[in-house]
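Have a look at the structure below before the remarks.
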Amino acid sequence: MTAPGSIVEYLDGGRFICGLVLADTGSRLRLLNQNGREVNLPASRVVTTSTVRNPVDLSRDARIALLKEAADRRSDYTKNIPLQDIWELASEEEQTSFSPNFLAELYFGGDLTDDQSAAFLRAVFSDHFFFKYKNNMVTVHTAEQVEQLRHQHRKEKEKEEILANGARNLQTIMDGEEVSGKQWPDRDRILSWIADYVLFGSEAKQCDLVRQLLKKAGLNRPGDAHELLVRAGVWGRDENIPLLKAEQPIEFVPELLTHALSFADPTAELLLTDPRRQDFRDLDIFTIDGAATRDYDDALHVEQHEDGVLVGIHITDVSHFISPRDPLFTEAMERATSLYFPEGQIPMLPRELSQGVFSLIKDKIRPAISFLVKLSPNAEIISSKIVPSVIRVKRRLSYSEVDRIMEEDSDLRLLNTIRKKLRLQRVERGALLLSFPDVNIYVDNHGRVTIHLSAVDSPARNLVSEFMILANGVAADYLSGQEAPGLFRSQPPPRKRLISGVQNSLQDIACQRRFLARGELTVHPKPHSGLGLNSYTTVTSPIRRFLDMVIQMQISNMIHGRGILFSADECKTFAGTIQQKLGRANTVRQQRHRYWILRYLEGQVGDMVSALVVGHGPKRVNLILLDCLFDIDLPPNPAFPVEPGDTVKVRIARVNARDNSFRAEW
């Protein structure tokens, strides 16, 4: 029992409060505390109890004055207690736990007063580095524990400063004012934490701290953190978030860029020191690409012979410059492919190479791997060979230019005749021509988005495509004929065949795409149903695709008489890596394409737009918006029945590209 008149101390909100005991009911004490409040306090909350009994018949004001004087004395004592000195003395003892009074006497000496004893415990509670109070005993911390607690304290103080300064500066940024690194030294570090949090959520390293920081800054709404990064200049308003989330490499490290600059334009004399490399500089070789293309990896030439036609498909010889031991090879394997977005390109190889030394630039001497294919008048393959060569591109043509001059240019006219026959042969072997229009997205300097569709089966585009397929098929046949491992693309027959022939409607093609079997990448050849070929690989884009680089190196090694470069096991490893990295890249590409389509559609909210009905089920109607080929689903409308193939009008109700949200209505 605690006698009335005793002064007890208890903790309230982390602060010590003195109270005068008025009565003890057993489990609770009735007190008047130093703040003038009467309290029913659980006995378990009492930290210290005085040995001196004070008169209980004092007036209320006198009691409060008594308590305040005691609290002030104890506070004054506490300020002067050298807790570290006491700890050092106690650390020399063999035991690790002591009574509070024993330790207090090391400083105050014998005959402790109640105020001195209470002051020592106040010091222990306020500075938790050296001692721990529990069950009426004080435990002495080890030196290691003291250092750990001090380190933790420093981190907590740093966190408090980060939260206080950070919240204030984040609010300033959101108000549209600039905050420099000089004004806020932690600026870049904290903004990078926030960027990681926006990208990776709860998986971000500083997730909890960022959440507290944003909450303290009042940035609690969805999208606030993203908008903050835009206003801070960390991200652009149309930042490629899928690219950042995927952690796809973007920039090249300085060492790689320096290495790339070490490659010089080769001379014909140097290249022809290779006895197997043939000199094709006199041939009328030309490139056909988009008007904005700068990385040229393939070129063509054609010769009319009495017994048929010789087509040359010339691919830039990357294997002349780099080997599997080159760091550029490792970098290309990590990236897997070049990525193209409306806002720019992320190349697989540094631009100094992909648009420079490795590119088949007009009038430049270049090493190539040339596929020389002899075709009959019916475009049947009579013979083919693959040779290392030296070429000089004589003409650089664009798709639109080729479409315009095709009938006037004898070489182009001849190639066009052949490509029609090659295409028809593949269709007769079961190939599916899924000529979905290209969605060309343009973003101007003000962020305005426009879209126009272009046919992928224009004569010029189809011509290039058909001869690249021819070269890739020849490459696959060569590897399989030599029983060499490679990276072969294959595709089982579609789960359901809906189309045939050359001409098919947009609706039929869209439906057929839903039933295509997944493509495979194997070390040994298997049929490719979609292309109508028994074996297929890709070798025609070695500066844009890692798979093509590997196949070119394999073939180059073999045609130089050096045998197989990559074993079957190595090819299996490449296949696994390529599938993983291409999966990542394709996800980024698809999500970014969707973002720009949605940005385009944001400008059409409230408008009625044309859509093609592709499919109809009991719960959903699938449509394609015709101006941008965007897939949407709507619930059936009994008042407005539709059938596949119908063209209808739908209303764009809501679009938010940043949130990846879209809603349309009948």
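Side-chain contact check for Asp627 and Gln604: at least one donor-acceptor pair (N or O, by modelled atom type) lies under 3.5 Å. Checking Asp238 against Tyr595 by side-chain atom types alone, a donor-acceptor pair falls below 3.5 Å. Between the side chains of Thr538 and Asp548, at least one donor-acceptor pair of N or O atoms lies under 3.5 Å.
Side-chain N or O atoms of Arg395 include none that pairs as donor or acceptor with a backbone N or O of Asp284 at under 3.5 Å. Remark: side-chain polar atoms of Arg599 are paired, donor with acceptor, to backbone N or O of Gly447 under 3.5 angstrom. Gln507 contributes no side-chain N or O that, together with a main-chain N or O of Pro644, makes up a donor-acceptor pair within less than 3.5 Å. Distance alone, capped at 3.5 Å, is enough to place a donor-acceptor pair between the His528 side chain and the Leu531 backbone.
No side-chain heavy atom of Ile578 sits less than 4.5 Å from a side-chain heavy atom of Thr337.
Aromatic pair Phe329/Phe546: centroids less than 6.0 angstrom apart. The distance between the ring centers of His452 and Tyr442 falls below 6.0 angstrom. For an aromatic pair to be called close, the ring centres must be under 6.0 Å apart, and Phe321 with Phe358 satisfies this.
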Report task. For Glu334 and Lys581, run side-chain contact (heavy atoms from CB on, under 4.5 Å): C-alpha distance rounded to whole Å, both residues' side-chain angles, the deciding distance at 0.1 Å, then the answer. Result -> CA-CA 7 Å; Glu334 173 61 29; Lys581 305 300 183 185; 3.1 Å; yes
Requested in this report: Report the C-alpha distance between Val439 and His593 in whole Å, list the side-chain angles of each, state the deciding distance to 0.1 Å, and finish with yes or no for side-chain contact (heavy atoms from CB on, under 4.5 Å).
Outcome: CA-CA 9 Å; Val439 179; His593 180 82; 3.8 Å; yes
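Checked for salt-bridge contact, Arg592 and Glu343 meet the test: a charged N lies under 4.0 Å from a carboxylate O. Looking at Asp317 and Arg277, a side-chain N of the basic residue comes within less than 4.0 Å of a carboxylate O on the acidic one, giving a salt bridge.
Under the 6.0 Å distance and 45° angle rule, Arg461 counts as a cation-pi partner of Tyr399.
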